Protein chains: 2
Amino acid sequence: MALKDAKTGTRNEAGIAAAIGVLKQRFGERFQTGQAFRAQHAHTTTYIPAQLPDGVLFAESADDVKAAVKVCADHKVPIVAFGTGSSLEGQVNAPNGGISIDFSRMNRVLEVNAEDLDCTVEPGVTREELNTYLRDTGLFFPIDPGANASIGGMTSTRASGTNAVRYGTMKDNVLAVTAVTANGEEIRTARRARKSSAGYDLTRLFVGAEGTLGILTSVTLRLQGIPQKIGGGVCAFPTVRAACDAVIMTIQLGIPVARIELLDALQIRACNAYSKLSYEEKPTLFVEFHGSDETVALQSEQFAEIASECGGGEFSWTVNAEDRSKLWKARHDAYWASRALAPEMAALSTDVCVPISRLADCIGETQADIEEHGLLAMIVGHAGDGNFHVLLLFDDKTEEGIAIAESFVSRLNARALAMDGTCTGEHGIGQGKMAFLEEELGGTVELMRQVKKALDPDDIFNPGKIFHRA
Amino acid sequence: MALKDAKTGTRNEAGIAAAIGVLKQRFGERFQTGQAFRAQHAHTTTYIPAQLPDGVLFAESADDVKAAVKVCADHKVPIVAFGTGSSLEGQVNAPNGGISIDFSRMNRVLEVNAEDLDCTVEPGVTREELNTYLRDTGLFFPIDPGANASIGGMTSTRASGTNAVRYGTMKDNVLAVTAVTANGEEIRTARRARKSSAGYDLTRLFVGAEGTLGILTSVTLRLQGIPQKIGGGVCAFPTVRAACDAVIMTIQLGIPVARIELLDALQIRACNAYSKLSYEEKPTLFVEFHGSDETVALQSEQFAEIASECGGGEFSWTVNAEDRSKLWKARHDAYWASRALAPEMAALSTDVCVPISRLADCIGETQADIEEHGLLAMIVGHAGDGNFHVLLLFDDKTEEGIAIAESFVSRLNARALAMDGTCTGEHGIGQGKMAFLEEELGGTVELMRQVKKALDPDDIFNPGKIFHRA
């Protein structure tokens with residue numbers, strides 16, 4: 001798994017030196033090679049070791065990106081796009097060195113078309129910045145991966161998060177991108193029509209490509225009307241299976257739940273300890289509905305009935321924002337609550353996603369695995385999608401500790417694949433899951449390699465990610 | 001446009017003869033080379049002239065497809081997949097000859113996972129067959145392009161239709177495909193998880209590829225619960241703009257309308273004449289809601305208010321299936337009603353799609369164009385998506401008649417592109433719109449060529465479609 005794959009590749013020393021020279025001359029202060037800048041652009045929120053780029057360009061326009069790509073293409077030097085650095089699988093690492101392009105200064109909202117429910121933004125805009133910008137329009141961008149990630153990074157990772165069950169993932173919410181390709185030209189994948197059958201779906205090819213096919217320079221997004229009302233609540237269940245049954249029934253009945261998150265009993269215990277709460281220490285669903293007064297009430301009542309039928313406890317829900325935020329506190333604090341259980345340990349987050357009918361099996365077997373191996377690990381799931389994260393606390397300072405983590409992840413991913421699931425619902429492959437991608441899709445990965453080779457023959461775009469070039 | 005692009009390419013006579021010999025030996029009666037079979041597999045529902053394949057294989061399994069692809073790859077012979085032949089842009093034509101693979105015998109539903117709301121089918125299953133099969137499960141497959149197309153064809157054309165506004169297009173409803181690629185091997189693009197970030201989105205690359213990247217052997221689809229209630233109704237508006245305003249407001253308010261179809265006044269006149277109806281001859285919206293008793297009533301009332309605010313007439317709606325079908329009769333009969341206006345003339349259907357804020361402009365300018373040029377043409381639109389079809393009746397027996405049609409289509413597509421729209425919302429490029437694709441996406445088409453060349457180096461899969469190889 002991760003550490004094996006995150007190996008350092010071959011560095012093109014002469015090319016890198018030449019490119020750095022040209023970029024320094026062209027960009028002056030905006031191109032930095034100091035250790036601090038380089039280190040900031042290779043940190044990851046995983047346990048994968050940082051691999052620093054040789055220089056960082058603070059791009060301010062698509063022209064900057066075009067110029068940088070041309071220089072790097074001329075000298076066959078790697079280019080890694082950097083949004084906020086919140087990716088989890090080593091996506092911003094530079095195993096072969098090269099240039100990191102920082103998008104924090106390309107954070108303009110270029111266009112909002114309120115009547116069409118769409119907007120176009122530069123890749124460095126974060127989702128929170130975008131939603132702040134949109135506030136007066138009555139619209140919002142729904143995808144919420146937790147972190148305040150950049151739109152470019154979310155696009156490249158095919159991100160989703162808590163409300164994908166209602167609004168879909170980045171795949172469903174990107175209408176078009178512009179990108180600089182290997183020849184240094186900027187292309188646009190689609191017009192602004194809401195649907196199109198005009199040739200290959202290059203938009204979807206760039207969504208989730210993790211920066212390996214080109215560098216995004218803008219993203220056109222679908223927007224949603226801010227719901228008139230948001231209702232939310234919490235319901236405890238005797239078992240994970242009972243909670244999953246409630247989720248399945250909710251989805252099958254077509255109740256348009258906006259979020260339906262599962263926390264296991266241990267996660268609830270951690271949250272109680274961390275945030276001084278007193279939730280029942282049982283598998284618990286955190287549920288949210290978006291709509292009007294009438295529909296939120298209707299759907300909440302429907303859900304309460306379903307929960308009760310599945311053996312759940314009382315479903316306490318509210319449309320009051322403050323009360324809702326109190327009810328949801330455990331969910332929001334889950335990550336830090338877990339880390340607080342063992343602050344000296346490292347944490348890694350897994351990301352399997354299985355058909356929803358297998359979710360209870362997959363979580364149940366994983367809990368048994370955790371217990372059998374004496375691990376400290378909590379589960380938080382985007383249950384409506386069949387996607388769950390295990391936050392595993394482990395000792396990253398010893399080889400043994402790392403080996404224990406790696407073998408847990410291997411068993412978990414194998415379990416998900418055996419259930420016709422995937423090793424990654426939303427974090428991407430990066431450096432961390434290349435071996436699992438091969439297990440998951442076999443010979444299909446060769447097609448990906450062919451696409452990569454066709455669009456990036458010199459492997460300059462984020463090399464050493466998703467798969468190794470043959 | 002069409003006729004210019006639908007030119008016959010170079011035939012590989014020796015290769016075709018050799019492949020036919022091998023296929024005859026291997027498949028016996030299941031491989032046919034008679035004129036009648038060949039003609040049946042090149043007919044299109046467009047005015048694009050038929051271009052016959054040299055033989056037709058009635059495939060019965062993925063192994064048949066693999067064997068046929070291997071033979072054709074060995075001899076560099078074109079292969080064209082054929083579902084029901086309802087494509088509109090010459091997609092099933094064989095401009096360079098070669099083999100048509102008929103999927104009518106690969107029409108098994110392989111798997112239904114009711115709890116996961118998904119199923120896997122062979123490509124020859126038609127959407128009506130699938131929905132008949134699913135009836136007892138309480139589930140249905142929502143995409144409805146009008147024709148009883150095959151799932152393989154719908155996937156390859158990125159089809160959608162009347163209820164895409166609610167359920168999305170094929171892009172949103174295909175979870176995975178299996179396909180035989182140029183080396184004769186079968187690959188699977190994804191597992192059955194509802195979302196995934198595992199590498200490039202090859203599923204979406206095959207959706208809409210019009211058979212140019214490989215031959216589909218199965219498709220895994222998302223399903224929906226059959227709505228408890230369907231409500232529908234009709235509302236006339238003084239102008240197209242007023243009707244479009246009502247559509248925009250409906251979408252902006254997030255009312256989950258299941259269908260919202262616009263017929264222009266001339267189309268209504270044609271329907272009145274054909275089906276002996278007495279609709280007001282005004283731009284009219286046909287609307288449908290899917291949900292429970294409560295939500296259908298709520299949404300219908302909300303829509304009635306919006307319509308009235310926009311100057312519309314009374315919105316008569318009903319949940320009674322028979323009454324609803326009477327109300328919707330004009331929409332269902334639109335095509336034949338139009339044809340009946342001039343049975344001796346040919347018909348072609350355009351397919352532009354524009355941002356919804358430009359829909360009224362685009363339709364208005366198109367109506368003025370129709371009037372200015374004295375054309376006979378009606379408009380039916382999937383208004384919620386900004387997609388509309390002009391059914392143009394024209395004389396396909398004279399060069400002048402064809403030139404008139406071609407220049408109308410050119411003007412219409414240019415108009416849509418100027419509004420940041422696309423020349424095709426759901427019919428695809430095929431042979432009919434290759435020049436427009438270049439206008440629409442420019443240098444981006446070169447990326448498509450690179451992908452094509454990487455995955456199909458000898459150009460055996462449906463050559464002469466979407467773009468010409470450089």
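Please read all numbers here as calculations on a predicted model, not as lab measurements. In the text below, chain A, chain B and the rest are named by the order of the sequence lines, each starting its count at 1.
- Most heavy-atom pairs under 4.5 Å with chain B, from the set R194(A), K453(A), Q450(A), Q252(A): that is Q252(A).
- Heavy atoms of E426(B) lying under 4.5 Å from chain A belong to its backbone as well as its side chain.
- Looking at A179(A), neither its backbone nor its side chain comes within 4.5 Å of chain B, counting heavy atoms on both sides.
- In this model, no donor atom of one side chain and acceptor atom of the other lie less than 3.5 Å apart for K195(A) and T169(B).
- With a threshold of 4.5 angstrom between heavy atoms, L175(B) does not approach chain A through any atom at all.
- With a threshold of 4.5 angstrom between heavy atoms, H290(A) does not approach chain B through any atom at all.
- Judged by distance alone, the side chain of R158(A) and the main-chain N or O of G199(B) form a donor-acceptor pair under 3.5 Å.
- For chain B, the option among L437(A), L139(A), V207(A), L447(A) with the highest count of heavy-atom pairs below 4.5 Å is L447(A).
- Checking side-chain atoms of R188(B) against main-chain N and O of T444(A) turns up no donor-acceptor pair under 3.5 Å.
- The candidate from V354(A), I466(A), L223(A), L441(A) with the greatest count of non-hydrogen atom pairs under 4.5 Å with chain B is L441(A).
- Heavy atoms of E440(A) lying under 4.5 Å from chain B belong to its backbone as well as its side chain.
- Contacts between K452(A) and chain B at a heavy-atom distance below 4.5 Å involve backbone atoms as well as side-chain atoms.
- Shown are D116(A), D118(A), L117(A); of these, the side-chain contact (heavy atoms from CB on, under 4.5 Å) with I356(B) is made only by D116(A).
- Contact annotation for N387(A): only side-chain heavy atoms (C-beta onward) come within less than 4.5 Å of a heavy atom of chain B.
- In this structure, no portion of T203(B) lies under 4.5 Å from any heavy atom of chain A.
- Proximity to chain B involves both the backbone and the side chain of I429(A), based on heavy atoms less than 4.5 angstrom apart.
- Between chain B and the options I251(A), D172(A), N113(A), T212(A), the largest number of non-hydrogen pairs under 4.5 Å is found for T212(A).
- Taking each heavy atom of A193(B) and G421(A) in turn, the nearest pair found is CB-CA, 4.2 Å.
- Taking both residues in full, the closest heavy atoms of S197(B) and T157(A) are given as OG-O, 3.0 Å, listed atom of the first, atom of the second, then distance.
- Residue contact with chain B, scored on non-hydrogen atoms closer than 4.5 Å, involves the backbone and the side chain of L455(A) alike.
- In this structure, the portion of T189(A) lying under 4.5 Å from any heavy atom of chain B is its backbone and not its side chain.
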